[in-house]
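Shown next, in structure tokens, is the structure this report addresses.
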Amino acid sequence: MTDTNGFSLTRRGALVSGVAAASTTALPLDAQPLPAEARAATVPVSFTVNGKKRALDLDPRVTLLDALREHLHLTGSKKGCDHGQCGACTVMVEGKRINSCLTLAVMHDGDEITTIEGLGKPGDLHPMQAAFVKHDGYQCGYCTPGQIMAAVAMLQEVKDGVPSYVSTDLTAAGRIDAQEVRERMSGNICRCAAYSNIVAAIADVAGAEDVA
Amino acid sequence: MKFDTPAGRNPIDQQKVIGKPTDRIDGPLKVTGTAPYAFERNDVAPNHAYGVIVGAGVAKGRIKRIDAADALRAPGVLSVVTYENAGKLGKAKAHTATMLAGPEVEHYDQAVAIVVAETFEQARDAAKRVRVDYARTKGKYELKAVKDGAPIAKGDKMKTARGDFAGAFASAPVKLDATYTTPDQSHMMMEPHATIAAWNGDELTLWTSNQMIAWAVRDMSETLLIPKEKIRVVSPYVGGGFGGKLWVRSDAVMAALAAKAAGRPVKVALARPQLMNNTTHRPATIQRIRIGADKAGKITAIAHQTWSGDLPGGGPETAANQTQLLYAGDNRLTETHLAVLDLPEANAMRAPGEAPGMMALEVAMDEMAEKLGMDPVRFRIVNDTLVDPEKPERKFSDRNLVRCLEEGAQKFGWDRRNPKPGQVRDGDWLVGLGMAAAFRNNMNMKSGARVGVDRKGMVTVATDMTDIGTGSYTIIAQTAAEMLGVPLDKVVVLLGDSRFPVSAGSGGQWGGNSSTAGVYAACVDLRRRIAQKLGFNSDDVTFADGKVSSGNRAVDLAKAAGDEGISGEDSMEYGTLEKDYAQATFGAHFVEAAVNVYTGEIRVRRMSGVYDAGRILNPKSARSQVIGGMTMGIGAALMEDAVVDPRFGYFVNHDLAEYHVPVHLDVPHQEVVFLDTLDDKTSPMKAKGVGELGLCGAAAAVANAVYNACGVRIRDYPLTLDKVLEGLPVA
């Protein structure tokens, strides 16, 4: 990539275009696509989403996040980065929180999946959702479903005695304080930065006096 | 309505609904994931295809050849659009670089093609099969290399002076001459830019994520060379913007072109790694500040020169803004220089000007206070001014900086600060306190709305205003509820559609005050129409408890509306009060920081402040705005840095793994206090902007706390461990 004059973008591109240049000129851009190849090979997969059995035929490249958003139209789980860096896509699989953008849908055959839509609805909010409204634990709302899913799953992890990086005693299960919440929630970025309020909302639900 | 004289008493002053901490009315939708963002509008375009944008692989040069043959042959591909087949396009005046490159490439990751396919996976795969050959030319990518010789930028107040700065500075008994640098920064809003475009004949609809609906229509019209009337832009939910969505970007333009080529609606989202180089960023600055003072700490001379770069035809980062207004001093100078750089387009990011400007000025003030042997709070109080220091005949509309400083210091326990750095140790940590003033200009923008009441007494407000997390839905509902005397749950707010009256939009922290003032104007019109309909004298009509009353007559609002309903529409525009008075928002930030004696790691332990922005319309969401700004200040101080690769001219760390923004564990509990003030020169709302104030000065407060903790003064943001360690004494 150090040529200053006409270099190709990828190694593969360089090899192919070298051959192409020797034979023909490029096809015009409005050339018709080949219809025979229009359908991608698909793989059947079925899982339970928010208590409902769903069966899909999916391109194996479809992430769990895109299966939910684009195929089941459950758009509550958000695509913030598609690279497991932001947490906006957090869902629960078999009760554990994961970044749904970092896992392929076909890897979840038979799994039990919970998304934000499975937690509560307007008028019938889950306590964590209600606490986020009460404490203004959001602004633009785009990271919010991921924050809420992570928060609910995180409290369960604490209950289950899973220690964190800031736990001072690895065997003292179930202890929660503000630092624990902050550490355990650090995989969920909020650029509007409602962090202070999110911690207050989680503390409210956890019934923790010493959080915040 | 025109706002050209200070506001008298009006229905907003009742504060039955306005001014109360109020849960967001859009909250239940947001916490259940049912608020639909642009990419999620499957309801409006069920037969859509997917578009993936191919970005330029060089920063500057010319496309020699595009070979899309393999992409077109790839499974599911419907079309590939490049400059060769896009048809004639214009360049919107608001865009510095074009949204589609070709044959010239103006910056790295500028869109060169969009590939449209049946599925996202097919489009993404085929996008990698588009081969582009470039003739690369040399570009300029480093600000420090082009700084010298960069001219003063074109525009207002790019060079200001009063008195004799040089003379006063030379003779000042105490002086500081220091240079500070701030890096390029990226908005990194959580929702990447996204658009669904659909054509119906020659009419285009864009469901997109945008802060300024009317600008979006205008810029699409100028780009596609079609009349504005043929374009509809819809953006009711925006997953963050911070200035990055003030103007339409390539997602909107390329989605429109792709939808035309494919003959179907197309949805496009930028991939996270495209945001930094394809869209805009806050440019890096180099800032030289000189302050001279007498021995009592009175500033006699102050100069702020700033340099930034942008593509040809672009604009500067106006980092000297606040220095024109914040502190007294008879002899003054500011200069804003602009160099040409071939990086992606530099443009507004939250509090353009003041955000990086305060990062420098407020550290300079801390350094100067130390030279004077003065407390930094006291130094700022001594140099407060109630008039525009460049034009002393121009008063501030309302300025309570001193109250913010004094109350903030008292609440924070500032008197416990040891002025000598490096003295307080807590285990492996050195602990320090720092502060900075907060300052951000207040701007007002013309804003319109339509307000109607139906036969059930439900009030509906429609305006093209956006809510980018700012809480617009709620403060607009509060305004209508206050004006029409109904509870909040009787108000429905419709936002972000170009079919609604043009509003101020969201930017420059003008949205809150301006958009609600527009709703106020529409409500005044509606109240007049209702009074007229009822045969009431509109001067003594009251709207309260769901009733319209005059003298001893009272009619239910629902009855007054009748079966046909009734509506009013107007906008608020502004006279010269903004020129006659300096209008600004103020505050004082306080930070406790700890620096690890072995690693140089910095932790912010406490952060709080007192802020003054006139009437606080919704203290709950306003507080969130301020803590959001404070946190962005932590990011600016400690981690945010879009690193330029000077060989290839692009930002290297272009995703959220590499461009660090604050996460939960970086942020302590934050305290925010608002002064209970009213500014009658800004609008009938007597409010000012609050969305950017919390950021301005916050980073400097962190930097000053770090200095107080460990004695290392860093003038080159961000304050990373390497820079701390260099100056840290051996533990």
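Letters go in sequence order (proteins before strands), and every chain restarts at 1.
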Residue [X] versus chain A: region with a heavy atom under 4.5 Å:
X: B:V667; answer: both
X: B:Y659; answer: side chain
X: B:P36; answer: neither

Validation row: [X], [Y] side chains within 4.5 angstrom (heavy atoms):
X: B:Q625; Y: A:C192; value: no
X: B:Q122; Y: A:R61; value: yes
X: B:V661; Y: A:I189; value: yes
X: A:Q85; Y: B:E658; value: no
X: A:P122; Y: B:T32; value: yes
X: B:R272; Y: A:D82; value: no
X: B:V663; Y: A:R182; value: no
X: B:E121; Y: A:D66; value: yes

Six-ring centre of A:Y138, B:K620 cation under 6.0 angstrom, axis tolerance 45°: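 No, B:K620 does not sit over the ring of A:Y138.
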
A:E70 bridged to B:K267 by N-O distance under 4.0 Å: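 Yes, this pair counts.
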
Check ion pair B:E191-A:K78 (N to O, under 4.0 angstrom):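 Looking at A:K78 together with B:E191, the answer is no, because their closest N to O distance does not fall below 4.0 Å.
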
Set of salt bridge (charged side-chain N to carboxylate O under 4.0 Å, His left out) partners for B:R350, sequence neighbours left out: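 Scan of B:R350 (salt bridge (charged side-chain N to carboxylate O under 4.0 Å, His left out), adjacent residues dropped) gives none.
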
Residues of residues 124-133 of chain A contacting chain B, heavy-atom criterion under 4.5 Å, by residue number: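 Only A:L125, A:Q129, A:F132, A:V133 of residues 124-133 of chain A have a heavy atom under 4.5 Å from chain B.
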
Residues A:Q147 and B:H664: side-chain donor-acceptor under 3.5 angstrom: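 Yes.
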
Short side-chain donor-acceptor distance under 3.5 Å, B:R623 and A:N197: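 There is such a pair between these side chains.
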
Qualifying residues under side chain to side chain donor-acceptor pair (under 3.5 Å), relative to A:S100, sequence neighbours excluded: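 A:S100: no side chain to side chain donor-acceptor pair (under 3.5 Å) contacts found.
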
For B:N653, side chain to side chain donor-acceptor pair (under 3.5 Å) partners two or more places apart: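 So B:N653 forms no side chain to side chain donor-acceptor pair (under 3.5 Å) with any residue.
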
Minimum heavy-atom distance between A:C140 and B:G240, given as atom pair plus value: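 The answer is CB-N, 3.3 Å.
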
Option in B:S624, B:G239, B:G629, B:P28 with maximal non-hydrogen atom pairs under 4.5 Å from chain A: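 Heavy-atom pair counts peak at B:S624.
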
For chain A, the option from B:D125, B:D23, B:T631 that forms the most heavy-atom pairs under 4.5 Å: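 With the most close heavy-atom pairs to chain A, the winner is B:D23.
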
